[in-house]
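The basis for the numbers below is simple: all heavy atoms, side chains too, and nothing from hydrogens, waters or symmetry mates. Keep in mind it's a predicted model, so treat the numbers as computed, not measured. Reminder, nothing fancy here: chain letters follow the sequence lines and each chain counts from 1.
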There are 2 protein chains.
Amino acid sequence: MDTRTRIIVAAMELFWEKGFNSTSVADILSRSQVNSGSLYHFFPGKQDVLIGVLEAYRDGIGEMLLAPAWDGVADPIEKIFALLARYRRHIVETDCVYGCPIGSLALELHEPDPVVRALLAANFANWTAAVEARLVEAAERLPADLDRKALAEFVLTAMEGAVMQARTHRDVAYFDRMVAMLRAHFAMLTARRRAGLAPA
Amino acid sequence: MDTRTRIIVAAMELFWEKGFNSTSVADILSRSQVNSGSLYHFFPGKQDVLIGVLEAYRDGIGEMLLAPAWDGVADPIEKIFALLARYRRHIVETDCVYGCPIGSLALELHEPDPVVRALLAANFANWTAAVEARLVEAAERLPADLDRKALAEFVLTAMEGAVMQARTHRDVAYFDRMVAMLRAHFAMLTARRRAGLAPA
DNA sequence: GTCTATAAAAGGATAGAC
DNA sequence: GTCTATCCTTTTATAGAC
């Protein structure tokens, strides 16, 4: 693994574990086994390392997140819940300290520069686009007048909020209850489609 | 206003504007017009100022948040949406940089000490308890088998997630679409109650 | 309880040889 | 591209007079 990549990987881990502000450049150097001079050769400053990390998340969403989550799952709506199940696994495996790396950075950085903010937004947009595509695949089971973009975003916001609650309360049950509510929401939508009713 | 209160108020504002880690003790001293010696007379350290801030939020939820939001609103379900409208106003008034002060701290602090974590959890618990109480008031319009605690938490998680999205994209529309989805959810629940159907 | 001065450490970033 | 040494600023916290 080349030096630049080692730095990005180390920073990715550290920003996720401790946040951006609580991670020092010394932390990154120590974990990546790189010297100060090398890091500043590749990156003008700490903020540019963050940009590299956010680009890596953006470019890796398919391979790192979606593909593993959807392995062996064919049904489009089940793919959405399989994605949520992936987050549940992260929560359990970290004893409920898991935080979505993008969501945590989005709330930690109060005055991000435009490039950073755009990358955070792009990461969220890719996530919802992937969910929205599954809703399009399942179109015949959902109400014809459904706002698919809004529902895809709703899944993301519910996931982010639930991760926050599970983490704060140190209890996966908060995440599970969110999933149950979303399941109920989808059940009511498909019921509405089957009944051929006008919008509720 | 006494010194201790001035410190808490200044810190409350600063933690909300810049976050905990990005606020220095010097920032708090400057805004509150207090000297170093006085601050450390009242608080052992910066973290204890945070504890004071979280206690103030916890003790002030009724007066600072719920009462203003519910002024002139009688219907229990509308009170829930009036609370969300309050957040919408904050978002608009801050040009979409608004972040929920508790939610932001919950994600920024990756290894909070037990007292801080418990206070964050207590703040969330009070919020959902207030929503849950409105759901109890509206019980006759909702399905009998509804998990009211889960729905109250769902409202909180959706709000937190939507505030995150609106802020990251710098666009209230993300918040508005979440509210529309929640409205649809409530509409489907009340329709289910009126139809007297079994759980979807 | 409040004031000023300052200690002690950590942080981001740079210099310059190799 | 990599190495070591180091500068400079910021930050939390303390000392001790009043």
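- Partners of A:Arg86 according to the salt bridge (charged side-chain N to carboxylate O under 4.0 Å, His left out) rule, which considers only residues two or more places apart in sequence or in another chain, do not exist here.
- Distance B:Phe43 CZ to C:dG1 P: 12 Å, rounded to the nearest Å.
- Remark: A:Arg141 pairs with A:Asp75 by the salt bridge (charged side-chain N to carboxylate O under 4.0 Å, His left out) rule, at least two apart or across chains.
- In this structure, the CG atom of B:Leu39 is 15 Å from the P atom of C:dT4, given to the nearest Å.
- The salt bridge (Lys or Arg N to Asp or Glu O under 4.0 Å) analysis of residues 9-30 of chain B, with sequence neighbours excluded, yields the pairs B:Glu13-B:Arg31, B:Glu17-B:Arg31, B:Lys18-B:Asp27.
- Protein atom OH of B:Tyr40 is 5 Å distant from nucleotide atom C1' of D:dA13, rounded to whole Å.
- Distance A:His41 NE2 to D:dC3 P: 12 Å, rounded to the nearest Å.
- Of the residues in residues 3-32 of chain B, B:Thr23, B:Ser24, B:Val25 come within less than 4.0 Å of DNA chain D through at least one heavy atom, sorted by number.
- For B:Arg167 and B:Glu160, the salt-bridge test fails: no basic side-chain N is under 4.0 Å from an acidic carboxylate O.
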Distance-only donor-acceptor hits, side chain of residues 47-69 of chain B, under 3.5 Å, sequence neighbours excluded:
from, atom 1, to, atom 2, distance (Å)
B:Gln47, NE2, B:Asp113, OD2, 2.8
B:Asp48, OD2, B:Gly45, N, 3.1

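- Taking A:Arg177 as the reference, B:Glu153 meet the salt bridge (charged side-chain N to carboxylate O under 4.0 Å, His left out) condition, with sequence neighbours excluded.
- In this structure, the salt bridge (charged side-chain N to carboxylate O under 4.0 Å, His left out) partners of B:Glu93, at least two apart in sequence or on a different chain, are B:Arg89.
- Comparing B:Gln33 and A:Lys46 against DNA chain C, the residue whose closest nucleotide sits nearer the 5' end is B:Gln33.
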For nucleotides 4-7 of chain D, tabulate all protein N/O to nucleotide N/O atom pairs closer than 3.5 Å, reporting atom names and distance.
from, atom 1, to, atom 2, distance (Å)
D:dT4, OP2, A:Asn35, OD1, 3.4

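- Toward the 5' end of DNA chain C, the nearer of the two residues A:Pro44 and B:Phe42, judged by each one's closest nucleotide, is B:Phe42.
- Residue pairs meeting the salt bridge (Lys or Arg N to Asp or Glu O under 4.0 Å) criterion with at least one member in residues 126-139 of chain A, sequence neighbours excluded, are A:Arg134-A:Glu137.
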